[in-house]
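Remarks on the structure that follows.
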Amino acid sequence: MLDLKFVRSNQDVVAYMLKERGYDLDLSRFQSLDEQRRSMLASLEDLRYRRNKVSDQIAAMKKRGEDASSLISEMKTVSKEIKAMEAELPEIVDQLNKLLMLIPNIPHESVVVGKSADDNPVVRRWGEIREFDFAPFPHWEIGEKLNILDFSRAAKIARGRFSLQSGLGATIERALINFMLDIHTNRHGYTEVLPPFLVNSDSMTGTGQLPKFREDLFKVDGWDLFLIPTAEVPVTNIHRDEVLSFDELPIKYVSYTPCFRSEAGSWGKDTRGLIRQHQFNKVELVKFCCPEDSDQELESLTADAEEILQYLELPYRVVSLCSGDLGFAAAKTYDIEVWLPGQHLFREISSCSNFTDFQARRANIRFRRKTGRGTELVHTLNGSGLAVGRTLVAVLENCQQPDGSVLIPEALRPYLNGLSIIGRGE
RNA sequence: GGAGAGAUGGCCGAGUUGGCUGAAGGCGCUCGCCUGCUAAGUGAGUGUAGGGCGAAAGCUCUACCGAGGGUUCGAAUCCCUCUCUCUCCGCCA
């Protein structure tokens with residue numbers, strides 16, 4: 001959510017910047033709602049002031065044993081007016097908030113103007129793309145031949161877009177999770193958290209999934225609970241409605257959770273394999289920092305995620321999302337795209353974003369500086385570190401051998417009792 | 001699931017015959033004083049959000065005592081609903 005006062009005093013700038021990311025702000029509606037709200041609030045406060053003052057008078061008169069009945073009957077009318085306004089005002093505020101809640105974040109000044117993913121500039125590349133002397137297979141074929149991925153049984157148990165991993169397919173997934181958590185806690189200084197996998201609507205609103213993206217979520221019938229689409233939601237909401245102290249910033253959390261997404265609107269996309277699932281595992285990095293540090297914190301968070309791929313020796317590139325491809329709450333986003341030889345393309349495996357104060361304002365997460373009074377909103381950031389299922393995909397496709405086996409990257413072997421290769425029959 | 005108790009400021013904790021209590025007291029914290037160190041002592045200050053006036057310091061108004069409704073001229077105090085916490089019993093990974 002943007003700051004009401006900021007929008008009010010920078011309407012043209014806001015409208016212009018939002019246009020760059022394809023959002024049309026209804027300025028006249030905003031203005032009229034804002035003015036209604038302010039004038040109504042002013043007269044309501046006047047009435048309340050009167051009521052408070054006269055009530056004190058009544059109390060004083062009664063103490064002296066005087067008759068206050070005329071004042072009381074007068075205040076009855078005032079009280080009714082107040083009640084009427086108190087009923088009316090929230091409707092205006094609601095409409096204004098709804099409008100404000102649907103406005104996306106303003107892109108960071110370094111973000112390139114563009115329409116779609118095609119306009120995303122590549123920031124850097126890492127690793128050598130391996131030359132195959134045979135046609136590399138897509139991971140679903142590798143996995144099914146090795147008997148570690150089973151999509152048809154998963155569909156029987158649940159439905160399409162679910163997967164069943166067995167044997168080493170399950171073990172490698174677990175190894176990847178542990179490997180990533182160890183790197184981020186031991187080397188990068190993140191604190192591990194294991195949050196609830198279901199959250200309430202306040203939390204979903206805090207990070208921006210609600211009210212706009214309800215269709216993307218799974219909701220628990222009869223409860224105010226949703227399955228989390230990413231650990232970003234429960235972890236960012238750890239500090240909802242809190243005032244943090246300057247000394248504890250930046251706060252860095254790493255969290256493994258499964259993620260659940262309805263994938264509404266992506267019918268027919270990536271129907272094969274592990275790429276796009278209703279349920280997948282992810283290790284997520286989340287940071288809270290003060291505003292002047294968030295640019296730098298995004299760089300280091302992205303580097304922390306990249307390091308996982310470097311350890312696993314998987315080639316990748318980093319792109320900076322252009323204005324038109326930016327997510328709703330993000331001011332700036334780097335996507336890390338890993339090379340998938342089986343499909344011959346770069347595929348997003350991590351998305352690292354600086355949300356500036358956008359989520360913090362919604363979720364009311366503030367901090368207090370040592371000097372100076374009052375509070376300020378923190379900046380929040382997060383990024384995958386990494387999407388585990390897609391990492392498995394990358395390992396299977398990049399490390400496949402002509403005979404259908406898969407070489408395990410060195411860094412992962414300690415997590416698999418030294419196992420170096422997945423062969424058939426295992 | 002059954003029976004109780006509770007939810008107040010950064011923390012602890014008063015206030016429940018409704019009326020200068022945004023909230024006593026204590027702790028913590030900030031600034032100053034004192035003690036040549038440490039401890040102690042001492043003075044002042046110390047919530048958040050929104051609005052008005054002001055160049056600013058500041059002054060002033062409104063709201064907030066778990067959340068939402070209700071009663072009343074007036075609610076932290078009374079009533080209802082919900083959420084959460086705690087104790088006992090039952091059940092359970």
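Reminder, nothing fancy here: chain letters follow the sequence lines and each chain counts from 1.
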List the atom pairs, with distances to 0.1 Å, where a side-chain N or O of residues 326-333 of chain A and a protein N or O form a donor-acceptor pair under 3.5 Å, not counting sequence neighbours.
from: A:K332; atom 1: NZ; to: A:S110; atom 2: OG; distance (Å): 2.7
from: A:K332; atom 1: NZ; to: A:Y334; atom 2: OH; distance (Å): 3.3
from: A:T333; atom 1: OG1; to: A:S353; atom 2: OG; distance (Å): 2.8

Tell me, do [X] and [Y] make a side-chain contact under 4.5 Å, heavy atoms counted?
X	Y	value
A:L41	A:V93	no
A:I349	A:L309	yes
A:H239	A:I251	yes
A:M180	A:T391	yes
A:F213	A:M204	no
A:Q209	A:L217	yes
A:F226	A:L210	yes

Please list, by residue number, the residues of [range] whose heavy atoms come closer than 4.0 Å to an atom of RNA chain B; answer none if no residue qualifies.
range	result
residues 43-56 of chain A	A:E45, A:R48, A:Y49, A:R51, A:N52, A:S55
residues 59-74 of chain A	A:A59, A:K62, A:I72
residues 76-99 of chain A	A:K76, A:S79, A:K83

Under a 3.5 Å cut-off for both contacts, is [N] paired Watson-Crick or G-U wobble with anything, and if yes, with which nucleotide?
N	value
B:rU35	none
B:rC53	B:rG58
B:rG1	B:rC89
B:rU77	none
B:rA44	B:rU30
B:rG25	B:rC12
B:rU72	none
B:rC82	B:rG66

Is the distance between the ring centroids of A:F260 and A:F218 under 6.0 Å?
no

Side-chain donor-acceptor contacts of residues 158-165 of chain A below 3.5 Å, not counting sequence neighbours, with atom names and distances?
from: A:R161; atom 1: NH1; to: A:K269; atom 2: O; distance (Å): 3.2
from: A:R161; atom 1: NH1; to: A:D270; atom 2: O; distance (Å): 3.3
from: A:R161; atom 1: NH1; to: A:R276; atom 2: O; distance (Å): 3.1
from: A:R161; atom 1: NH2; to: A:S266; atom 2: O; distance (Å): 2.9
from: A:R161; atom 1: NH2; to: A:K269; atom 2: O; distance (Å): 2.9
from: A:S163; atom 1: OG; to: A:Q277; atom 2: OE1; distance (Å): 3.4
from: A:Q165; atom 1: NE2; to: A:G169; atom 2: O; distance (Å): 2.9
from: A:Q165; atom 1: NE2; to: A:E173; atom 2: OE1; distance (Å): 3.0

Rounded to whole Å, please give me the gap between [atom1] in [X] and [atom2] in [N].
X	N	atom1	atom2	value
A:D202	B:rG66	CG	P	18 Å
A:L41	B:rG51	CG	P	8 Å
A:D241	B:rG66	CG	P	15 Å
A:Q57	B:rG74	CD	C1'	13 Å
A:R361	B:rA49	CZ	P	12 Å
A:L244	B:rU48	CG	C1'	15 Å
A:E376	B:rG47	CD	P	18 Å
A:N364	B:rC64	CG	C1'	13 Å

Inspect the contact between [Y] and [X] and indicate whether a charged nitrogen and a carboxylate oxygen are less than 4.0 angstrom apart.
X	Y	answer
A:D357	A:R361	yes
A:R50	A:E74	yes
A:E81	A:R51	no

Please report the distance separating the [atom1] of [N] from the corresponding atom of [M], rounded so that it comes out in whole Å.
N	M	atom1	result
B:rU77	B:rG15	C1'	8 Å
B:rG18	B:rC65	C1'	15 Å
B:rG47	B:rU8	C1'	13 Å
B:rA49	B:rA44	P	27 Å

Identified side-chain hydrogen bond (donor to acceptor under 3.5 Å, both in side chains) counterpart of A:D335 within the set A:S350, A:S351, A:S384
A:S351

When you measure from the side-chain N and O atoms of A:T375 to the phosphate of B:rA49, is any distance below 4.0 Å, counting only OP1 and OP2?
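The answer is yes; a side-chain N or O of A:T375 sits under 4.0 Å from OP1 or OP2.
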
Which listed nucleotide (B:rG51, B:rG50, B:rA49) is nearest to the side chain of A:R8?
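The listed nucleotide nearest to A:R8's side chain is B:rG51.
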
Hey, what are the protein-to-nucleotides 6-12 of chain B N/O distances that come in under 3.5 Å?
none

Below 30° counts as parallel, above 60° as perpendicular, anything between as tilted: where do the rings of A:H188 and A:Y190 land?
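Perpendicular.
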
